[in-house]
Engineer: 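Before anything else, here's the structure in question.
Proteins get letters first, then strands, A, B, ... in listed order; numbering begins at 1 in each.
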Amino acid sequence: MALWTLYKREFNSYFHSAVAYVVLFGSALIQGIFFYVLVQLIMDANYKEASVMQIFFNWPLFWILLLGQVPLITMRVFSEEFKLGTIEMLLTAPVREWDVVLAKFFGALTFFLVLWLPIALDLTALQLFSSPPPPVYWSQIGLTALTITLAGGLYVSLGVFASVLTKNQIIAAVLCFAMILVCFGFSFGKFFQHMNSTTLAWISYVSLPEHLQNAGQGIFDSRPVVFYVSVTVFILMLTKSVLEGRRLQG
Amino acid sequence: MIEVENLSKTYSGFRAVQGISFHVNKGEIVGFLGPNGAGKSTTMKILSGYLPPTDGNIRIAGFDVVTDSLEVRKRIGYMPENVPLYTDMRVNEFLRFRAELKKVTRRKIKERVEIVKDLCHLKDVENKIIGTLSKGYRQRVGLADAMVHDPDLLILDEPTIGLDPNQIRSVRDLIKDLGKHHTILLSTHILSEVELTCTRVLVINRGKIEASDTPANLTKLVRGGGSILLEVKAPGLDVTTKLEALPNIEDVEIILPSDGDWIQAKIFAKPGIDVREDVYNVVRANNWPLRELARRKATLEEAFVELTQD
């Protein structure tokens, strides 16, 4: 009950600030440009059987979008409460810390997912206006959406954690970006030489691009699901502990 | 309603509150006074369940603040210092959100929000964004938020700080009104406010309770309950020695010559004795031209200064 009330307020608050619209506009623009360029490429190369999803997620600029969005969404969630002092008002209402942390997390995650809606529109447009329409593989689309949600959950939890550490939104954003970059950076490990097979196996276990490639081909792998969910839960627990600690400090 | 026993709070080695105990009964309006840094806000934060105490027992409405924190928080309306609010929300939206959060049942939310908007005179700004409101309105939104779930106890940390005299008066009237149905603990620096609204005063200084009494009794504690003001044309030293020679006068303070040779003297008598006649006799015997002779009751301000200064 308290969770639902807080969640509604968190999600709605994004639409009260200009940042949300700027991020939304930026995402839609970048996704639109990618989409246009990709369709051009596919037409020029005269692919017959390629999955649009598969090509889409192999496009490098796509990752910049993923990395850049999250810090902008999450930087204010706790920082602003500490800066304005509203955290005191919030935590003296009959709510538990867990409610607050989860509401902020799910609010941010929902907004993160909203930012991907333009792609869905682009793909729908492709379906409607090309003839013959390209084949639709629902398993690929569903798995890709699941992977983006899970990876987004992990990144958003890192952002929420960064935000609970500081009053300053800029610091929270930079910290979040750095943490996401480190997480994401592991996936490039395979390009380094002198890696033994165990290390490579570890890298592929945590590598988001590989997870997305698998999903894009319609292959379901339960390992990344376990990985993303467990790390997200762990980071949210850390967030709750820090929140409690900061409150007890006064 | 509030029972505090031996409450202590230590912040990284600094003892902000040192073993204070006090009670607040149902229906009282208690003023919490003390200089800046005395521990008022800390105590209020602990009562509201925001900060944990380092030591001591606190029960509100029968529930322990630490172990039954959620139950306590349901029963109190707390307005923190400087009234932090979500500046991006509209007044109506904010009050509905807070009512929902404080577990007001869905059917009653609309009714409660209307009631507190009426009480706090917020009708004309109900659709405005809180960030655009003036300090006075924000203060009232904070107050409306504190009462939206109709709590038994209101804890208000400096509810009138930063308001203009008209707004202070309207908040004061509001608090007096609320006191008919609620128990209220409020902190403030405006002593006239306490004299007019509170049934009891707690004075806290350096983390300790210095006094707990009605405003009227507190002023009686101050040097005999008042002083006599005398304005004569005479040498200051002369006035002091001649008046202090009187048996019932404890102390004479000369206030610097205000106007040529005229001097003002503040005379403190022994408790309960009226020395105006004796003073007049001295003045007449010495042929000092007299311009003023008046009795002044001690104010709460003097009581406050006396209790909190070393």
Engineer: Looking at K102(B) and A93(A), what are the two nearest heavy atoms and their distance?
Structural biologist: CG-CB, 4.4 Å
Engineer: Name the member of T92(A), I87(A), D99(A) that forms the most heavy-atom pairs with chain B at distances under 4.5 Å.
Structural biologist: T92(A)
Engineer: Looking at M79(B), E81(B), E71(B), E93(B), which makes the most heavy-atom pairs under 4.5 Å with chain A?
Structural biologist: E93(B)
Engineer: What part of Y78(B) is in contact with chain A, defined as an atom under 4.5 angstrom from a non-hydrogen atom: side chain, backbone, both or neither?
Structural biologist: side chain
Engineer: Keeping R73(B) on the side-chain end and V95(A) on the backbone end, is there a donor-acceptor pair under 3.5 Å?
Structural biologist: yes
Engineer: Quick check on K135(B): does its NZ atom have over 12 non-hydrogen neighbours (other residues, nucleotides or ligands) under 6.0 Å away?
Structural biologist: yes
Engineer: Tell me which one of R96(B), E100(B), K103(B) satisfies side chain to side chain donor-acceptor pair (under 3.5 Å) with T5(A).
Structural biologist: E100(B)
Engineer: Could you verify whether a donor N or O on one side chain and an acceptor N or O on the other, from Y86(B) and E80(A), lie under 3.5 Å apart?
Structural biologist: no
Engineer: Testing the basics here: between L84(A) and P84(B), what is the closest heavy-atom pair and its distance to 0.1 Å?
Structural biologist: O-CB, 3.3 Å
Engineer: If every non-hydrogen atom of L70(B) is compared with every non-hydrogen atom of R96(A), which pair is closest and at what distance?
Structural biologist: CD1-NH1, 3.7 Å
Engineer: Check the surroundings of atom NZ in K110(B): do more than 12 heavy atoms from other residues, nucleotides or ligands lie under 6.0 Å from it?
Structural biologist: no
Engineer: More than 12 heavy atoms of other residues, nucleotides or ligands under 6.0 Å from OH of Y36(A): is that the case?
Structural biologist: no
Engineer: Output, in order, the C-alpha distance, side-chain angles, deciding distance and verdict of side chain to side chain contact (heavy atoms under 4.5 Å, CB included) for R9(A) and M89(B).
Structural biologist: CA-CA 9 Å; R9(A) 135 88 202 151; M89(B) 292 178 106; 3.5 Å; yes
Engineer: To the nearest 0.5 angstrom, please state how far the CD atom of E88(A) sits from the CG atom of N82(B).
Structural biologist: 9.5 Å
Engineer: Any side-chain heavy atom of M89(A) within less than 4.5 Å of one from R98(B)?
Structural biologist: yes
Engineer: Looking only at heavy atoms and a cut-off of under 4.5 Å, which of V83(B), I129(B), L101(B), I76(B) has the most pairs with chain A?
Structural biologist: L101(B)
